[in-house]
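Written out below as structure tokens is the structure these notes cover.
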Amino acid sequence: MSLWTQVVEIARVDLVVERRIGDVFRIVLPFAVAALFVFPIALGVELATMRRVGPAVFWTLGILFGMQVALRHSATDTPPRRDMQALAGLDPAARFLGRAISGAVVMTGFLVVVYVAMVALYDSETTSWWVTALAALLFAAGLTTLSTLVGEATTGLRHRTGLASLLIAPLSLPLVLAASQTLAAVSDGTGILPWMLLMTGTDIALLVAGVGLARPLEEAGR
């Protein structure tokens, strides 16, 4: 079985499991939408202010809840399952890529729903839809790739999920900064190219690092 066949199969299985379990869209997503109601109540802001802070709230929720979305596979990544995949001859790089792709798909859907809810609840001015979609896609791809890499690096450690979240939060700052500044640049009428390049470069760097370190991390986690 070729590398890309393995990648597609891993991504397909992950998406099937997510569809059957539905933790992201049945549990995480409702909490994220509910959090949109909490911010204006807690801050006591006026409608005009809510319109301005809407995108910032969106990206804040994106990173807070997005880490849980991206790390969802850690709960099922048990040692017996990893041993079974190793005995089946699964390439560690294929597992990394497959999980990153399936995570990006789920994360993109999550961000789309939260963004639509934010626009509806905060009456925010929508920026260019294609820019928003591209920013969300690059952000989702980068965050899930980073989360998959950190998840592999923390395999076998106690309190793995909590430790992974602590590592992901600071390392994702370039993605959060670039994504938020992209929408701000559209609103201000300035260029978005530097921020798009920052997100793209970060995604590529994480992807290369993940593929290159997949086998060493696999051996270290045994």
Side-chain angles (χ1 to χ4, degrees), residues 4 7 11 15 24 28-29 32 36 39 50-72 93 96-151 164-165 167-214:
W4 289 110
V7 170
L15 291 174
V24 172
V28 180
L29 181 58
L36 290 172
F39 274 90
M50 289 175 57
R51 290 173 178 170
R52 292 197 302 270
V53 303
V57 173
F58 165 70
W59 291 118
T60 300
L61 296 179
I63 184 63
L64 291 177
F65 287 91
M67 286 189 296
Q68 304 307 314
V69 174
L71 287 170
R72 76 196 190 287
F96 173 82
L97 290 172
R99 287 185 166 172
I101 291 172
S102 64
V105 172
V106 175
M107 184 65 182
T108 301
F110 171 83
L111 290 176
V112 168
V113 176
V114 174
Y115 184 80
V116 171
M118 182 273 295
V119 172
L121 295 174
Y122 286 54
D123 194 26
S124 296
E125 296 181 359
T126 57
T127 56
S128 176
W129 284 105
W130 75 268
V131 173
T132 302
L134 183 57
L137 180 60
L138 291 174
F139 177 81
L143 183 61
T144 51
T145 303
L146 173 61
S147 300
T148 304
L149 177 58
V150 172
S165 298
L167 293 173
I168 293 169
L171 293 175
S172 63
L173 286 179
L175 294 170
V176 178
L177 175 63
S180 59
Q181 289 301 312
T182 296
L183 300 189
V186 173
S187 300
D188 298 337
T190 56
I192 64 172
L193 183 59
W195 304 114
M196 286 292 187
L197 290 177
L198 176 58
M199 275 196 292
T200 303
T202 303
D203 289 359
I204 294 174
L206 290 170
L207 189 63
V208 171
V211 172
L213 295 174

Verdict with reasoning, Val7 to Phe96, per side chain to side chain contact (heavy atoms under 4.5 Å, CB included): CA-CA 8 Å; Val7 170; Phe96 173 82; over 6 Å; no

Student check: side-chain heavy atoms of Phe139 and Thr108 closer than 4.5 Å: no

Which atom of Ala185 lies closest to which atom of Gly191, heavy atoms considered: CB-O, 3.6 Å

Tyr115 and Phe58 aromatic ring geometry - parallel, tilted or perpendicular at 30°/60° bounds: perpendicular

Test side chain to side chain contact (heavy atoms under 4.5 Å, CB included) applied to Leu143 and Val176, step by step: CA-CA 9 Å; Leu143 183 61; Val176 178; over 6 Å; no

Least distance between heavy atoms, Ala140 atom then Met107 atom: CB-CG, 3.5 Å

Non-hydrogen atoms of Ile168 and Ser147 that approach each other most closely: CD1-OG, 3.4 Å

Close side-chain approach of Asp203 to Leu175, heavy-atom, < 4.5 Å: yes

From Trp59 atom CH2 to Gln181 atom CD, the distance as rounded to the nearest 0.5 Å: 11.5 Å

Any Thr145 side-chain heavy atom under 4.5 Å of Leu149 side chain: no

Validation row: Met199, Thr182 side chains within 4.5 angstrom (heavy atoms): yes

Heavy-atom pair with the smallest gap, counting every atom of Ala136 and Leu111: O-CD1, 3.7 Å

Minimum heavy-atom distance Leu198-Ala178, with the two atoms named: CD2-CB, 3.8 Å

Pairwise distance CG(Leu134) to CD1(Ile192) - rounded to 0.5 angstrom: 7.0 Å

Criterion side chain to side chain contact (heavy atoms under 4.5 Å, CB included) on Phe65 and Val114, from CA distance to verdict: CA-CA 10 Å; Phe65 287 91; Val114 174; over 6 Å; no

Distance-minimising heavy-atom pair for Phe110 and Ala32: CZ-CB, 3.7 Å

Side-chain touch Leu97/Thr148, heavy atoms, less than 4.5 angstrom: no

